[in-house]
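Structure, as structure tokens:
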2 protein chains.
Amino acid sequence: MRQEDQHEVRQLPLFSGMTQENFSRLMRAAYVQTFPPQVELLREGDRSDFLHVVIEGSVELFATWNGRETTMSVARPVSTFILAATIQDAPWLMSGRTLEKSRIVLLPSEDVRKVFAIDNVFARAVVSELARCYRGVLKDAKNLKLRSSTERLANYLLRWQKAHGGGARFELGLEKRRLAARLGMTPENLSRAIRALREEGVSVNGMTVEITDQARLSAFARPTPLIDDPNL
Amino acid sequence: MRQEDQHEVRQLPLFSGMTQENFSRLMRAAYVQTFPPQVELLREGDRSDFLHVVIEGSVELFATWNGRETTMSVARPVSTFILAATIQDAPWLMSGRTLEKSRIVLLPSEDVRKVFAIDNVFARAVVSELARCYRGVLKDAKNLKLRSSTERLANYLLRWQKAHGGGARFELGLEKRRLAARLGMTPENLSRAIRALREEGVSVNGMTVEITDQARLSAFARPTPLIDDPNL
DNA sequence: ACCGCTGTTTGACATTTATCAAGCGGCGGC
DNA sequence: GCCGCCGCTTGATAAATGTCAAACAGCGGT
């Protein structure tokens, strides 16, 4: 495993506090792999052999039931996924596939659990990360239950804009049909929602979004930190 | 604080592993309070002065946005709530109100965080609990995104039945309008969903449910452990 | 036993969302 | 440069869900 990849992983709040010794222990049997797009990394129901860390690219986490499929989230660099399942040695609740060519670090679950058992700094970092994830899905569930699809889109755009410098013009960064699934709607409806937001100060052209009337969009979206602030 | 109340709390996996010394430390400034129904215990956006433990009764955790309100979950004895917010000293993402007369143990957040900082057994128990909660909401979100309202109801009944002994006849244990909110629908629609399930082997009379055709209901609901197993 | 409150049910209707089918348009391969 | 593929858009229509209003039912208080 390359030094700079280890470095990337080490940067994460989850790993940054622990002793070098325990970090090395985690990294000893870890390896990096580059996957082409559309590779299924995890299948829901399976168990966790490795904790995954996306170093480059992006991974879609999705779930299926009864022939239907929906996107739950998209993991982007640098972040881990399926931490909860790894720690608990429980089956995955989501499947995962690469969306683009992606570099993924794989940490053997067994090692993660071992280090978790002996390293208290790491254990505490796991708490922080799990709390963050928990609050993340909770916000997602609130979003789904309290807002209409167009409102979800409007707020998504505002969040994404903020996360990418806050400029009036930015890239969507996700295929529209996946964005639709992420937001809990069909691609057709996403199209119509985008159309509807033209009246609210948004202009979308392909993957490029331009907020033409920030105040108007905000007034329509009515974002609240209790749903839309990713740091809360 | 009464001895038997402490005992109840001590039973929880979250607290059962820690030393008596640290447990006492947690309990030193803790107190029990009995609330009448419909008391607002928490308001979303506020911060956590106490970790709450329901000893008796039940607490509805709900969220609001833009004049709308929805029920996210119902905490029943014996369980804690708002653990994530307490540990992180972050604002609550949900409000909470008692549904019935309820006995609640209040543990000062400051103490919880202090003991968390020094007690590794407790810290690890917190990890387990957070992982459980995370997976819980995640299952909820899958439920919402992948199933229709009638399907959610059908699966809810099956889960509830299992959790209460598995007999053909059981009580709903929740006002219908709150169940409706919990399942992400209106009371009117819950009524119609109940009606629809008559064809699928369910008979509801007031708060009493009878599964008249278990196989038929299961075939309709198509439960999966990856959404419906509370232990996963 | 009656009254009145409150939660539930029902029906008619509106809105939102999904589905199906067709057309459009950009992009890569030939 | 042209073709064909794939994803996006659009329109028509259907299904699911929400809203509003009224009727109903159970229950506690008097």
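Proteins get letters first, then strands, A, B, ... in listed order; numbering begins at 1 in each. Any value given below was found using the heavy atoms of this structure, including those in side chains, with hydrogens, waters and symmetry copies removed.
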Given atom CG of L144(A) and atom C1' of dT17(C), what is their separation to the nearest angstrom?
-> 14 Å

Stepwise side chain to side chain donor-acceptor pair (under 3.5 Å) test for T71(B) and E60(B) | CA-CA 7 Å; T71(B) 302; E60(B) 178 183 26; 2.6 Å; yes

Below 4.0 angstrom from OP1 or OP2 of dT17(C), is there any side-chain N or O of S149(A)?
-> yes

Looking only at side-chain atoms of E175(B), point me to the closest of dT17(C), dC8(D), dG7(C).
-> dG7(C)

Which nucleotide in the list dT9(C), dG7(C), dA12(D) gets nearest to the side chain of R192(A)?
-> dA12(D)

Nearest-nucleotide pick for R195(B), side chain only, options being dT9(D), dG11(C), dT17(C) = dG11(C)

Rounded distance in Å - CE (M185(B)) to P (dT19(D)) | 14 Å

Using whole Å, report how far CG of L190(B) lies from P of dA16(D).
-> 17 Å

Between dC20(C), dT19(D), dT17(C), spot the one nearest the side chain of N189(A), thanks.
-> dT17(C)

Strictly under 6.0 Å, is that where the ring centroids of H52(A) and F81(A) end up?
-> yes

Can a salt bridge be assigned to the pair E151(B) and R68(A) using a cut-off of 4.0 Å between side-chain N and carboxylate O?
-> yes

Between atom CE in M207(A) and atom P in dG25(C), what is the gap in whole Å?
-> 18 Å

Spacing between R147(B) atom CZ and dA15(D) atom P, to the nearest angstrom = 23 Å

Roughly how many Å is it from CD in E151(A) to C1' in dT15(C), rounded to a whole number?
-> 13 Å

Please determine, by modelled atom types, if E44(A) and T64(A) share a side-chain donor-acceptor pair under 3.5 angstrom.
-> yes

Spacing between K176(B) atom NZ and dT9(C) atom C1', to the nearest angstrom = 9 Å

Result of checking R182(B), R178(B), R97(B) against E69(B) for salt bridge (charged side-chain N to carboxylate O under 4.0 Å, His left out) = R97(B)

With sugar-phosphate meaning primed atoms plus P, OP1 and OP2, does T150(A) contact a base, only sugar-phosphate, or nothing at under 4.0 Å between heavy atoms?
-> nothing

Write down the distance between CG (N205(B)) and P (dT8(C)), rounded to a whole number of angstrom.
-> 14 Å

Short side-chain N/O contact from T186(A) to OP1 or OP2 of dT17(C), under 4.0 Å = no

Against the side chain of E188(B), the closest entry in dT9(C), dC8(D), dT17(C) is dT9(C)

